[in-house]
Amino acid sequence: MASLSIPGVEEPDETGLSAPVCRTVTPDGDVLLLVPGDSAAARAAAHAPDDDLTAVMEITDVAPVSVPHRIRGRAWVAGWLATVRADQRGAAALLLAERHPVGELLGIGEALQPEHVPGEYGHAAWTMLRLEVGECAVDDLWGAEPVEPDEFAAATPDPLQAHEAELLQHLHAAHGDQVRGLCALLGDRTAHCGLRDRAVPVGLDRFGLRVRFTDAERRSFDARFDFPEPVRDVAELRRAMHVLFEAAAQ
């Protein structure tokens, strides 16, 4: 879930934010955003001098399973916002459509139409914006820290991202006892998550599994179980999970 805020620019609704309907990162590390054509972000970018509109995108990472306190972390990307130029719209639209296959339904085709200034003689339904990244920060289970723009540009999507929700739901429904059994790997904390306690898998990526343990008194904590090595696909994930479950059962 992402929202876009621009200092000094207010939305007509109560949120004060613009929500991109889809987004992706270019090979150069810029962020492409598809936003409603009548949003404050689209209007501000259309009327601002080139590369002179500062903006902050906040990304909230919400667990795809039903648990209390579902927010797993937040990230902030700050930089300079501009409308995608006419000569770059085709490439930008192809990149968005490639990574968001339903992009045509979200208005990418209309965003390719000739230049239109929001607020003048009506508005286009959708506008593509480009956020040039100046600084980033992440706040999650492991703490808060800055991320350099070149690190942001070099990062690659997690290979399990598209399957995470389905995989977590499967683990919870079909392997609940084995997930609870991972508590045996927690050393001193094992006493706080016995077999009667609830264990819900709340995060999964190429590096490992995150489980939330809750005891009978509704006290909870998250634990991270790292794989022996990063996985590259679902087949390698199955083998890595088998190794974890085997280690917990010993």
Side-chain angles (χ1 to χ4, degrees), residues 1-13 15-62 73-104 106-113 115-119 123-140 144-158 161:
M1 183 170 62
S3 59
L4 188 67
S5 61
I6 303 171
V9 175
E10 296 183 358
E11 278 281 6
D13 61 21
T15 66
L17 301 170
S18 292
V21 292
C22 66
R23 64 188 187 276
T24 193
V25 180
T26 71
D28 295 330
D30 294 341
V31 182
L32 293 176
L33 307 165
L34 186 67
V35 302
D38 61 348
S39 65
R43 296 194 305 271
H47 292 92
D50 290 344
D51 302 325
D52 196 33
L53 182 66
T54 58
V56 179
M57 182 173 64
E58 179 178 345
I59 302 169
T60 303
D61 180 24
V62 180
R74 285 188 170 89
W76 295 266
V77 181
W80 300 270
L81 193 68
T83 303
V84 174
R85 297 199 308 264
D87 61 337
Q88 298 177 342
R89 285 185 192 169
L94 286 174
L95 189 58
L96 280 168
E98 174 187 340
R99 298 178 182 176
H100 298 271
V102 296
E104 291 182 1
L106 297 174
I108 288 180
E110 183 170 345
L112 285 170
Q113 297 305 309
E115 198 76 41
H116 181 88
V117 178
H123 58 79
W126 305 97
T127 299
M128 283 187 291
L129 303 177
R130 179 186 299 270
L131 180 65
E132 180 185 348
V133 176
E135 56 182 338
C136 314
V138 174
D139 186 358
D140 58 17
E145 62 178 79
V147 178
E148 294 297 326
D150 56 346
E151 294 177 307
F152 179 84
T156 57
D158 191 277
Q161 185 274 330

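Quick caveat: nothing in here was measured; it's all calculated off a predicted structure. Index from 1, following the sequence.
When the side-chain contact (heavy atoms from CB on, under 4.5 Å) test is applied to Gln161, the partners found at least two apart in sequence or on another chain are Asp158. For Ala55, the side-chain contact (heavy atoms from CB on, under 4.5 Å) partners two or more places apart in sequence, or in a different chain, are Leu4, Ile6, Leu81, Leu131. Under the rule for a side-chain contact (heavy atoms from CB on, under 4.5 Å), the partners of Val133 that lie at least two apart in sequence or sit in another chain are Val31, Val77, Cys136, Pro149, Phe152. Legend: residues meeting side chain to side chain donor-acceptor pair (under 3.5 Å) with Asp61, ordered by chain and number and at least two apart, are Arg72.
For Gln88, the CD atom sits in a packed shell: over 12 heavy atoms of surrounding residues, nucleotides or ligands are nearer than 6.0 Å.
Nearest heavy-atom pair across Pro20 and Val35 is CA-CG1, 4.1 Å. Of all heavy-atom pairs spanning Gly37 and Ala42, the tightest one is O-CB, 3.5 Å.
The line from OG1 of Thr127 to CZ of Arg89 is 8.0 Å long, rounded to the nearest 0.5 Å. Between the CH2 atom of Trp80 and the OG1 atom of Thr54 there is a distance of 9.0 Å, given to the nearest 0.5 Å. Atoms CG and CZ, on Asp139 and Arg74 in that order, are 8.5 Å from each other to the nearest 0.5 Å. From Trp126, atom CH2 reaches atom SG of Cys22 across 8.5 Å, with rounding to the nearest 0.5 Å.
Listed by first and then second residue, the side-chain hydrogen bond (donor to acceptor under 3.5 Å, both in side chains) pairs involving residues 21-31 are Thr24-Arg99, Asp30-Arg130 (not counting sequence neighbours). Evaluation of the salt bridge (Lys or Arg N to Asp or Glu O under 4.0 Å) test over residues 145-157, restricted to residues two or more places apart or in two chains, returns none.
Here the options are Leu33, Leu34, Leu32, the test is side-chain contact (heavy atoms from CB on, under 4.5 Å), and the partner is Met128; only Leu34 passes.
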